[in-house]
There are 2 protein chains.
Amino acid sequence: MARKRFNDMPCSIAQTLNLVGDWWTLLIIRDAFFGARRFAEFESRLGIAKNILANRLSQLVDNGIMQKVDIGQTGTHYAYELTEKGRDLFPVLTALRQWGDKWVYGEGCAPMDIIERKSGRPLARMLPLGADGEPVALGDLEIRLKEKS
Amino acid sequence: MARKRFNDMPCSIAQTLNLVGDWWTLLIIRDAFFGARRFAEFESRLGIAKNILANRLSQLVDNGIMQKVDIGQTGTHYAYELTEKGRDLFPVLTALRQWGDKWVYGEGCAPMDIIERKSGRPLARMLPLGADGEPVALGDLEIRLKEKS
DNA sequence: TTTAATGGTTTCATTACGCAACCAAAGGAG
DNA sequence: CTCCTTTGGTTGCGTAATGAAACCATTAAA
């Protein structure tokens, strides 16, 4: 049987994972944020097989998360770059990174820091904030399902 | 060949995906946030195969993200619940959900809202903030790798 | 004219996923 | 005590996804 996809689940988390939840996909997007543009660049940075990379990139292009730009004169050189939709995944990557910083490496032991040039300091820990700008407690949340019209 | 895991990559994103990046894993955690506790509960909510669910749950327990609590008298009823390490994934799920709200369903069309009871309003959009509490521009970020000692 | 670089595709082996069937321990019904 | 149900799995088996290596087509450089 085919791997079950999450298309039919009425949930934004499932839908997002359906688009970027495949093995390798978020790491490709990460490297795009870190400056990778060319097929060979993703390949060598990630150590991913070429067929898998080609498949993931074309999926990402199909889904509007990256675009394939012809940067040669005649179609031998391409750049893959994030669209606005793709750049908008930065909070997702930041949340994943901050969790790993804390729970895999431990505070202060992370292998890389992301520094805001303006202040010279790392990004603040990303937390879900309420209307008053304060972090919310899990117990103070209520899930409200929309009725389908 | 076996699926390549991301163990050896010195990157918090890769390490986090190594723990929760498997197909189904983040949806199991999502349902734990939404109140699921029992094996059969996860099974019916997700429509996941029992062997896969058993495998993912034991992985999550092994990694300290969930814990298996005996709630029967003699070991026939168990509850799976998030540890602090697991609850700390809430920002990751929130970021995924907010991206899907915007880019899959479109603003205002998401199938569910998460409301802060205190204010009666949805959570604020989660964005990486700089030291001054303002959202940072991607161009103002600098990646600083730590040298290994 | 040959060689190298880019960006793939193809082939094949191995693993992971999905379904259904089976199972073991405990509790309740009769 | 015996049968049946519930819970929480495990086992087999077929199919899809992944990974490594080989191959390929186009363009450009030597």
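Heavy atoms only: backbone and side chains are in, while hydrogens, waters and symmetry mates are out. Here is how names work: the chains are called A, B, and so on, in the same order as the sequence lines, proteins then strands, and each is numbered from 1.
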Between protein and nucleic acid, restricted to nucleotides 18-22 of chain C and to nitrogen or oxygen atoms under 3.5 Å apart, what atom pairs and distances do you find?
| unit_1 | atom_1 | unit_2 | atom_2 | d |
| --- | --- | --- | --- | --- |
| dG18(C) | OP1 | K4(A) | N | 2.5 |
| dG18(C) | OP2 | W24(B) | NE1 | 2.8 |
| dC19(C) | N4 | N51(B) | ND2 | 2.6 |

Answer yes or no: does a side-chain N or O of [X] lie under 4.0 Å from OP1 or OP2 of [N]?
X: Y80(B); N: dG9(D); result: yes
X: K68(A); N: dG8(C); result: yes
X: R56(B); N: dC17(C); result: yes

Scan for salt bridge (Lys or Arg N to Asp or Glu O under 4.0 Å) pairs involving residues 46-67 of chain A, sequence neighbours excluded, and state none if there are none.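 As it turns out, there is no salt bridge (Lys or Arg N to Asp or Glu O under 4.0 Å) pair with a partner in residues 46-67 of chain A once direct neighbours are skipped.
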
Heavy atoms from other residues, nucleotides or ligands near CZ of R121(B) exceed 12 (cutoff 6.0 Å): no

Mind checking F42(B) for me? I need base, sugar-phosphate or nothing, with any heavy atom below 4.0 Å counting as a touch. nothing

side-chain hydrogen bond (donor to acceptor under 3.5 Å, both in side chains) pairs, two or more places apart, involving residues 37-48 of chain B: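 Listed once each, the pairs are R37(B)-E81(B).
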
Return each pair, listed once, that meets side-chain hydrogen bond (donor to acceptor under 3.5 Å, both in side chains) where at least one residue sits in residues 7-21 of chain A; pairs must be two or more places apart or across chains. R5(A)-N18(A), N7(A)-N18(A), S12(A)-D101(B)

Using whole Å, what does the distance between atom [atom2] of nucleotide [N] and atom [atom1] of [X] come to?
X: L53(B); N: dA16(C); atom1: CG; atom2: C1'; value: 16 Å
X: E43(B); N: dT10(D); atom1: CD; atom2: P; value: 13 Å
X: Y78(A); N: dA5(C); atom1: OH; atom2: C1'; value: 14 Å
X: D22(A); N: dA16(C); atom1: CG; atom2: C1'; value: 13 Å
X: L57(A); N: dT18(D); atom1: CG; atom2: P; value: 14 Å
X: I28(B); N: dC17(C); atom1: CD1; atom2: P; value: 11 Å
X: F6(B); N: dT18(D); atom1: CZ; atom2: P; value: 10 Å
X: H77(B); N: dA24(C); atom1: NE2; atom2: C1'; value: 14 Å

Spell out, as yes or no, whether a donor-acceptor pair under 3.5 Å connects the side chain of K118(A) to the backbone of V136(B).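 Checking the backbone N and O of V136(B) against the side chain of K118(A), no donor-acceptor pair under 3.5 Å is found.
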
With a cutoff of under 4.5 Å between side-chain heavy atoms, which Ile, Leu, Val, Met, Phe, Trp and Tyr residues group with M126(B)?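 M126(A), which link up through side-chain heavy atoms under 4.5 Å apart, make up the rest of the cluster.
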
Please go through I115(A)'s hydrophobic cluster and name the other residues, only I, L, V, M, F, W, Y counting, with side-chain heavy atoms under 4.5 Å joining them. none

Set of ring pair (Phe, Tyr, Trp, His ring centres under 6.0 Å) partners for F90(A), sequence neighbours left out: F33(A)

Residue pairs involving residues 6-25 of chain B (criterion ring pair (Phe, Tyr, Trp, His ring centres under 6.0 Å); sequence neighbours excluded): F6(A)-W23(B), F6(A)-W24(B), W23(A)-F6(B), W24(A)-F6(B)

Could you check which residues of residues 60-67 of chain A get a heavy atom under 4.0 Å from DNA chain D? Sort them by number, please.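 Result for residues 60-67 of chain A: none.
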
Hey, which of these two, F39(A) or N55(B), hits DNA chain C nearer its 5' end, going by closest nucleotide?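 Final value for this comparison: F39(A).
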
